[in-house]
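Computed from a predicted model, the values in this text were never measured in an experiment. Atoms within each ligand, like the ligands themselves, are counted from 1 in listed order.
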Amino acid sequence: MQVFITGGSGLVGSAVVAELLSHGHTVLALARSSSSAAALETAGAQTVRGDLADLDTLRAGAAKADGVIHLAFANDFSSPAALAAAVAEESAALAALGGELTGSDRPLVTVSGTPWIAGRAATEADPLPLDGPIGGRGRSVMAALDLASRGVRSSAVRLPRTVHNQGQGGFAGLLTAMARGAGVSGYPGDGTQRWPAVHALDAAVLFRLALEQAPAGTAWHAVGDEGDAVRDIATVIGRRLGLPVEAVPEETFGPLGPIFAADQPASSAHTRQALGWEPTHPSLLADLENIQP
Ligand SMILES: NC(=O)c1ccc[n+]([C@@H]2O[C@H](COP(=O)([O-])OP(=O)(O)OC[C@H]3O[C@@H](n4cnc5c(N)ncnc54)[C@H](OP(=O)(O)O)[C@@H]3O)[C@@H](O)[C@H]2O)c1
């Protein structure tokens with residue numbers, strides 16, 4: 001397939017581009033800077049310059065493609081207003097991509113996080129949160145999945161809190177950055193809360209499988225580790241950085257504090273069984289051994 005991708009230069013997207021190219025697909029990638037374009041072209045993709053706000057560019061990219069994978073997100077958590085703007089920008093972009101594919105039966109694969117359900121691992125059948133600061137992302141994913149009834153083979157790959165590669169990425173990457181800044185590898189609560197994780201190279205395989213096979217309107221869990229205790233994550237980070245490992249107040253993590261404190265394991269049993277997806281790359285705790293002091 002000729003695949004149009006947004007976010008192809010990111011941690012997840014660069015793995016997806018490599019996965020697509022190594023399985024016989026061709027890639028046209030949205031690139032918002034010359035450095036991102038150069039990285040994508042070096043990887044073997046063609047590029048089109050533009051950003052998520054350029055809806056005509058998105059529509060033109062989708063029009064040329066046999067399928068679309070959407071991954072770009074501004075990831076701006078600096079203020080509630082910045083986050084709301086990023087969510088609104090993504091929502092409009094996804095609607096434009098979906099609109100272009102309406103009636104074509106072509107695949108549109110988008111991304112979200114895994115939901116969290118009190119007391120058990122979330123499954124693919126559990127709903128995404130539609131309220132709160134990132135509720136808008138859930139609503140735009142649901143709108144994309146609803147395009148199943150309008151001739152789009154839409155699907156969503158739900159990523160866990162940490163998508164990692166070479167010890168970097170996701171919530172664990174944020175903990176590492178905070179530990180470097182504070183001189184302490186801190187964790188909120190008692191540290192027994194669990195975060196799911198996946199290696200980016202394993203997640204990339206699931207994006208390809210969803211593109212190739214997922215029925216319209218379906219959601220999938222790219223979960224390699226069902227849940228790693230946050231204290232165990234902080235312990236590896238502290239050892240690699242030569243820093244003490246301590247419980248710290250939830251407020252230390254700012255607006256992310258309540259999310260960091262939550263127990264949020266997730267299962268991928270259905271995804272593995274239905275799509276034949278099997279993670280083969282290192283677990284988060286093993287990959288964190290790549291952190292350099
Ligand atoms: N990493 C994780 O642990 C994780 C967990 C759950 C969900 N996710 C979601 O998965 C997706 C990919 O994550 P990631 O970790 O790969 O993110 P990332 O490394 O921050 O990459 C973001 C990608 O989006 C592009 N981008 C950002 N804003 C853009 C804009 N306004 N216009 C055009 N392109 C824009 C970036 O382009 P440049 O390269 O030019 O900056 C980059 O290609 C995101 O939706 C993220 O929220 C990630």
Side-chain angles (χ1 to χ4, degrees), residues 4-19 27 29-43 45 47-55 57-58 61 69-78 82-83 85-94 96-97 109-116 122 128-129 133-134 136-138 140-141 144 156-177 195-204 206-207 210 219-225 228 233 256 259-260 264 266 284 287-288:
F4 179 55
I5 186 168
T6 73
S9 51
L11 180 135
V12 179
S14 54
V16 172
V17 168
E19 173 71 17
V27 175
L30 182 74
R32 62 172 170 169
S33 70
S34 45
S35 59
S36 296
L40 284 157
E41 286 162 15
T42 301
T47 57
V48 56
R49 285 297 290 274
D51 72 25
L52 273 188
D54 297 336
L55 301 185
T57 305
L58 298 181
I69 297 180
H70 165 67
L71 282 161
F73 184 64
N75 276 323
D76 188 346
F77 296 93
S78 59
L83 181 57
V87 170
E89 177 184 66
E90 183 191 39
S91 176
L94 196 45
L97 291 167
V109 185
T110 190
V111 64
S112 79
T114 52
W116 55 95
L128 292 178
I134 54 158
R137 290 198 85 183
S140 53
V141 170
V157 172
R158 296 168 166 188
L159 294 173
R161 305 292 161 264
T162 299
V163 183
H164 56 94
N165 197 351
Q166 291 298 310
Q168 297 178 12
F171 276 15
L174 291 176
L175 279 190
T176 306
W195 294 352
V198 71
H199 197 288
L201 298 177
D202 288 320
L206 185 54
F207 277 94
W220 306 96
H221 277 196
V223 172
D225 305 356
D228 300 307
I233 297 171
L256 289 171
I259 305 175
F260 276 18
Q264 44 197 281
L284 174 61
D287 197 17
L288 289 175

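- The protein atom (non-hydrogen) at minimum distance from atom 32 (N) of ligand 1 is Leu52 N, 2.9 Å.
- Of the protein's non-hydrogen atoms, Leu159 CD1, 4.0 Å is the one closest to atom 48 (C) of ligand 1.
- Only the side chain of Ser36 comes within 4.0 Å of ligand 1, counting heavy atoms alone; its backbone N, CA, C and O stay farther away.
- The side chain to side chain contact (heavy atoms under 4.5 Å, CB included) check on Glu41 picks up Ala37, Thr47, with sequence neighbours excluded.
- Heavy-atom distances between Thr6 and ligand 1 stay at or above 4.0 Å for every pair.
- Of all heavy-atom pairs spanning Glu19 and Ala204, the tightest one is CG-O, 3.6 Å.
- Ligand 1 has no atom lying under 4.0 Å from any heavy atom of Gly113.
- Scored by the salt bridge (Lys or Arg N to Asp or Glu O under 4.0 Å) test, Glu89 finds no partners at all (sequence neighbours excluded).
- Contacts with ligand 1 closer than 4.0 Å are made by heavy atoms of both the backbone and the side chain of Asp51.
- Contacts between Val111 and ligand 1, counted as non-hydrogen atom pairs separated by less than 4.0 Å, involve the side chain only.
- When the options Ser9, Ala222, Gly8 are ranked by their closest heavy atom to atom 43 (O) of ligand 1, first place goes to Ser9.
- Annotation: atom 36 (C) of ligand 1 to nearest protein heavy atom, Arg32 NH2, 3.9 Å.
- With respect to atom 31 (N) of ligand 1, the closest heavy atom belonging to the protein is Glu89 OE1, 3.3 Å.
- Some N or O of Val163 is nearer than 3.5 Å to an N or O of ligand 1, by distance alone.
- At least one N or O atom of Gly10, backbone or side chain, sits closer than 3.5 Å to an N or O atom of ligand 1.
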